[in-house]
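Comments concern the structure below.
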Amino acid sequence: MAKNLLIVESPAKAKTIEGYLGKDFTVKSSYGHIRDLVKSEDAIDIANNFQQKYEVPADKKQVVSELKKLAKEAETVWLASDEDREGEAISWHLFDTLNLKEDKTKRIVFHEITKPAILKAIDNPRTIDYNLVNAQQARRVLDRLVGFELSPVLWKKVKPSLSAGRVQSVAVRLIVEREREINKFQTEAAFKIVAIFGKGKNAFKAELPQRFAQQADAEKFLQDCIGADFTVDSLETKPAKRSPAAPFTTSTLQQEASRKLGYSVSRTMSLAQRLYESGNITYMRTDSVNLSDMALNAAAQEIRSAYGEQYHQQRKYKTKSASAQEAHEAIRPTYFDRHTIDGDNAEKRLYELIWKRAIASQMSEAQFEKTTAKIGISTRNEDLIASGEVMKFDGFLKVYLESNDDEEDNQQDGDNAMLPPLQKGQQLDLQELSATERFSRPPARYTEASLVKKLEELGIGRPSTYAPTISTIQNRGYVVKEDRDGKARNYRVLTLKEGSISKQEKSENTGAERGKLFPTDIGAVVNDFLVQHFNGIVDFNFTASVEKQFDEIAQGMKEWTDMIRKFYAPFHKDVENTIETADKARGERELGVHPESGKKISVRIGRYGPFVQVGDNDDADNKPLYASLRTGQSIETISLEEALELFKLPKKVGVFEDKEMTVAIGKFGPYIRHSSAFYSLPKGIDPLDVSTEQAIEIINEKRKKDAEKLIKVFDEDPEAKILNGRWGPYIEYGKQNIKIPKDKDPNTITFEDVKALAGEAGKEPKKGAKKFAKKK
DNA sequence: CAGTGAGCGAGCTTCCGCTTGACTT
């Protein structure tokens with residue numbers, strides 16, 4: 001048996017370290033935290049100085065018992081969890097749970113998984129830092145108190161099963177408030193002037209720095225330019241340079257993978273996890289931009305041999321984030337000489353992104369020569385400006401260019417072009433001058449990745465929680481990630497060419513969104529409720545201010561229970577007060593009155609989501625009418641006209657095979673319902689204007705297509721079928737879709753097989769149906 | 001992919017951070 005047991009947080013790390021340490025060391029992993037507060041309400045004894053009740057969760061029992069056994073046999077136990085607040089707490093939980101002895105236990109830390117770093121750590125053991133542990137307990141207790149007191153308030157005042165917390169509620173707030181900024185945004189139009197001079201290879205663009213709000217002024221400008229002289233008034237050439245970005249942290253990796261590769265935050269993380277486990281990259285949950293000395297050297301060597309000495313420049317980056325705990329290195333390739341790796345396509349692309357970014361971070365800056373020409377107009381006081389750029393040395397741009405959230409801007413001005421050789425005083429030949437109406441843009445909606453960026457800036461959340469937080473706010477129904485179609489918008493273009501001005505009206509699509517985060521009505525209502533009653537918690541600075549206090553606890557300057565007590569007393573009072581006095585929050589809004597009946601029309605949140613109501617609840621003679629809002633509509637923005645439209649559907653369109661056909665609009669667009677089957681309406685057909693014949697034809701079409709997909713129906717139970725799907729044949733059994741296992745032939749599969757497979761997949765119907773059954 | 005929408009009540013839900021698997025289309 002090995003004399004030493006060394007425990008780290010991650011099994012992949014354990015494997016690497018075991019290789020460095022030799023036979024005397026057994027290296028094991030705790031798989032993160034091994035204990036947590038019990039789930040029940042008595043986890044924290046508030047009256048008794050916030051005494052906590054911890055337990056080992058079921059899925060950690062095995063890890064703990066194995067570690068216990070090994071610890072008993074070892075002479076020395078080395079606690080090597082990460083050097084941050086959570087890591088210190090993990091060490092303490094291990095110490096406590098495994099019943100370790102003070103004199104046989106050593107606490108060590110390292111920030112990089114390299115042999116020298118680990119040997120150095122072993123030479124410099126310390127004891128558990130209880131101040132740091134206390135800071136973690138304060139963090140844990142505060143989050144539990146906030147989450148488990150606020151959520152039940154929402155159950156009472158808004159809807160059951162909702163949740164609130166220090167992190168998620170701020171994330172939702174950001175999205176709700178951004179949507180409102182966009183809704184109230186007033187677009188301003190102005191005419192942008194662009195001139196084209198010269199011909200062929202020597203053609204170049206110049207722009208007027210100011211814009212004209214009025215068409216008349218733009219037109220006047222063009223008029224004045226007819227027959228005017230254009231002269232190069234001044235010419236300035238300046239060197240410019242550009243430096244590479246720091247290597248990736250979790251948050252920057254998520255942002256860049258989203259922009260460049262289109263990966264969602266969770267996709268990026270699971271791909272990175274695989275790269276980490278296969279030994280290709282360092283740890284992927286980090287807030288540090290630091291590279292180990294070993295990595296700096298390896299990168300230098302790689303750059304020299306692949307690109308040459310002049311491309312190398314050693315750089316050490318400093319984190320800009322105040323909340324960074326820097327327990328790990330930046331995300332980098334384990335071996336810089338691996339330009340690419342084995343793995344699937346997605347993994348390869350992510351690896352290459354990481355490799356390029358890390359390599360580029362150690363390369364020299366790119367150098368440019370930037371030329372700006374001022375072009376005078378004989379008939380006007382303004383100058384046109386032309387600018388061009390010539391790259392003198394590519395430097396880091398040889399491998400990597402960081403992308404930008406606002407690609408649109410770059411495309412629009414397209415200025416990095418080259419200018420032809422120009423001289424001061426030179427007369428220019430105007431080819432074309434245009435005034436194009438352009439519009440101011442509202443702030444951009446958040447993507448998953450830009451939300452992570454914002455949260456990180458606010459110091460809210462940690463690398464390990466960004467992806468789960470984004471999932472939580474979507475799972476709770478506060479936020480949806482969606483594509484939305486844009487609208488057509490007309491804009492005017494005036495063009496001066498060959499001495500005459502022409503006017504055109506063009507059309508463009510605007511406001512189309514892809515993969516953006518939109519608040520739902522319930523998200524907005526919950527947010528407003530929290531802002532009204534718990535402003536302190538959803539304040540953007542709340543986390544920063546408690547973090548400051550956690551730091552003081554960590555430095556031994558503050559007692560953690562004091563801090564929590566001071567926070568809890570007023571907070572709890574707010575909770576009690578709100579439960580007692582606050583009205584139920586439904587986000588009700590009145591839209592006006594019905595044009596014919598004069599009844600009141602309002603929208604609000606109901607048990608099943610947002611809906612419109614026509615008429616009063618207490619009008620006993622005339623029951624009110626209800627209609628649910630559709631995807632893309634919201635309480636805040638729906639108009640009276642749109643609300644009235646909702647009552648036109650569902651609409652009966654006739655009878656077919658003795659059963660009613662109804663047209664309605666569902667989650668996936670308009671459809672025909674016939675008995676229990678649904679048939680999507682083909683695009684271009686107005687759901688309000690479907691004839692009986694058309695409906696029957698659509699149903700028959702769909703049936704024909706389904707029949708083509710059908711391979712076999714089982715005699716034993718017509719609910720069991722074999723169908724040809726997108727990825728080949730599969731079994732449909734009632735509501736379940738079952739994959740055909742590799743060892744079975746779809747042609748010879750028996751009903752017995754189907755039943756067995758259905759049993760494995762779980763006889764229970766899927767999610768929705770299960771919930772329904774439970775309610776009944 | 002519908003329809004529903006009062007209020008009561010039993011018994012449920014819920015936080016943030018640290019880790020991996022075990023799942024399926």
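When reading the values below, keep in mind they use all heavy atoms of this one structure, side chains included, and skip hydrogens, waters and symmetry mates. Quick note on labels: first sequence line is chain A, next is B, and so on, each numbered from 1.
Under the 30°/60° scheme for interplanar angles, the aromatic rings of A/H93 and A/H33 are found to stand perpendicular. Under the 30°/60° scheme for interplanar angles, the aromatic rings of A/W92 and A/Y54 are found to stand perpendicular. Between A/F50 and A/Y568, the two ring planes are perpendicular [angle over 60°; tilted spans 30° to 60°].
Set against B/dT20, B/dC18, B/dC16, the side chain of A/V167 has B/dC16 as its closest nucleotide. Of the candidates B/dT19, B/dT14, B/dC1, B/dC1 carries the atom nearest the A/F678 side chain, counting heavy atoms from C-beta on. Closest to the side chain of A/Y671, out of B/dC1, B/dC18, B/dT13, is B/dC1. The side chain of A/Q168 approaches B/dT14 more closely than any other nucleotide in the set B/dT14, B/dC18, B/dT4. Closest to the A/P650 side chain, of the nucleotides B/dG17, B/dG3, B/dT14, is B/dG3. Closest to the side chain of A/D143, from the set B/dC16, B/dT14, B/dG17, is B/dC16. Of the candidates B/dT19, B/dA2, B/dC15, B/dC15 carries the atom nearest the A/R144 side chain, counting heavy atoms from C-beta on. Set against B/dA2, B/dC15, B/dC18, the side chain of A/F148 has B/dC15 as its closest nucleotide. Proximity note for A/S151 (side chain, C-beta onward) versus B/dG3, B/dT19, B/dC15: the nearest is B/dC15. The side chain of A/W155 sits closest to B/dT13 out of B/dG17, B/dG5, B/dT13.
Contact between the side-chain N/O atoms of A/S10 and the OP1/OP2 oxygens of B/dT20 is found at a separation under 4.0 Å. For the pair A/Y283 and B/dT19, the criterion of a side-chain N or O lying under 4.0 Å from OP1 or OP2 is met. Taking 4.0 angstrom as the limit, A/R285 places a side-chain polar atom (N or O) nearer than this to OP1 or OP2 of B/dT19.
Salt bridge status for A/K13 with A/D82: present, with a side-chain N to carboxylate O gap under 4.0 Å. Salt-bridge formation is detected for the pair A/E482/A/R484: a Lys NZ or Arg NE/NH1/NH2 atom is positioned less than 4.0 Å from an Asp or Glu carboxylate oxygen.
Across the protein-nucleic acid pair, A/R274 atom CZ and B/dG21 atom C1' stand 12 Å apart, rounded to whole Å. Put simply, CD1 on A/I537 is 15 Å from C1' on B/dT14, counting in whole angstrom units. Here B/dT20 presents its P atom at 16 Å from CD1 of A/I34, a figure rounded to the nearest Å. Atom CD in A/E149 sits roughly 17 Å away from atom P in B/dT13 (whole-Å rounding). Spacing between atom CZ of A/F534 and atom P of B/dC15 amounts to 16 Å, rounded to whole angstrom units. In this entry the distance linking CD1 of A/I635 with P of B/dG5 reads 17 Å, nearest Å. When the C1' atom of B/dG9 is taken as reference, atom CZ of A/R607 falls 13 Å away, rounded to whole Å. In this structure, CZ of A/R166 is placed 19 Å from P of B/dT14, rounded to the nearest angstrom.
A donor-acceptor pair under 3.5 Å links the side-chain atoms of A/K60 to the main chain of A/Y31, judged by distance alone.
The base of B/dT13 is paired with the side chain of A/S161 by a donor and an acceptor separated by under 3.5 Å. A/R139 contributes a side-chain N or O that forms a donor-acceptor pair with the base of B/dC16 under 3.5 Å.
Judged by ring centres under 5.5 Å apart and planes tilted less than 30 degrees, A/Y31 fails to stack against the six-membered base ring of B/dT20. Between A/Y626 and B/dG5, no base-stacking contact is recorded for ring centres under 5.5 Å apart and planes less than 30° from parallel.
If you check every strand for non-hydrogen atoms under 4.0 Å, A/L142 touches nothing. Looking at heavy-atom distances under 4.0 Å, A/G606 makes contact with a base. Among the heavy atoms of the strands lying under 4.0 Å from A/Y276 are primed sugar atoms or P, OP1, OP2 only; no base atom is included. As judged by a 4.0 angstrom heavy-atom cut-off over every strand, A/A164 is placed among residues touching the sugar-phosphate backbone only. As judged by a 4.0 angstrom heavy-atom cut-off over every strand, A/G461 is placed among residues touching the sugar-phosphate backbone only. Contacts of A/S628 with the nucleic acid, taken as non-hydrogen atoms under 4.0 Å apart, include base atoms. No engagement by A/Y679 is indicated, since no non-hydrogen atom pair under 4.0 Å with the nucleic acid exists. Nucleic acid contact for A/R476: sugar-phosphate only, since backbone atoms but no base atoms lie under 4.0 Å from a heavy atom of the residue.
With the nearest nucleotide of DNA chain B identified for both A/T465 and A/P610, A/P610 has the one nearer the 5' end. Nearest-nucleotide positions on DNA chain B for A/S169 and A/D82 put A/S169 closer to the 5' end.
Once rounded to the nearest 0.5 Å, the distance linking OG of A/S266 with CD of A/Q474 reads 8.5 Å.
Relative to the six-membered ring of A/F611, A/R604 misses at least one condition, a distance below 6.0 Å or an angle of at most 45° to the axis.
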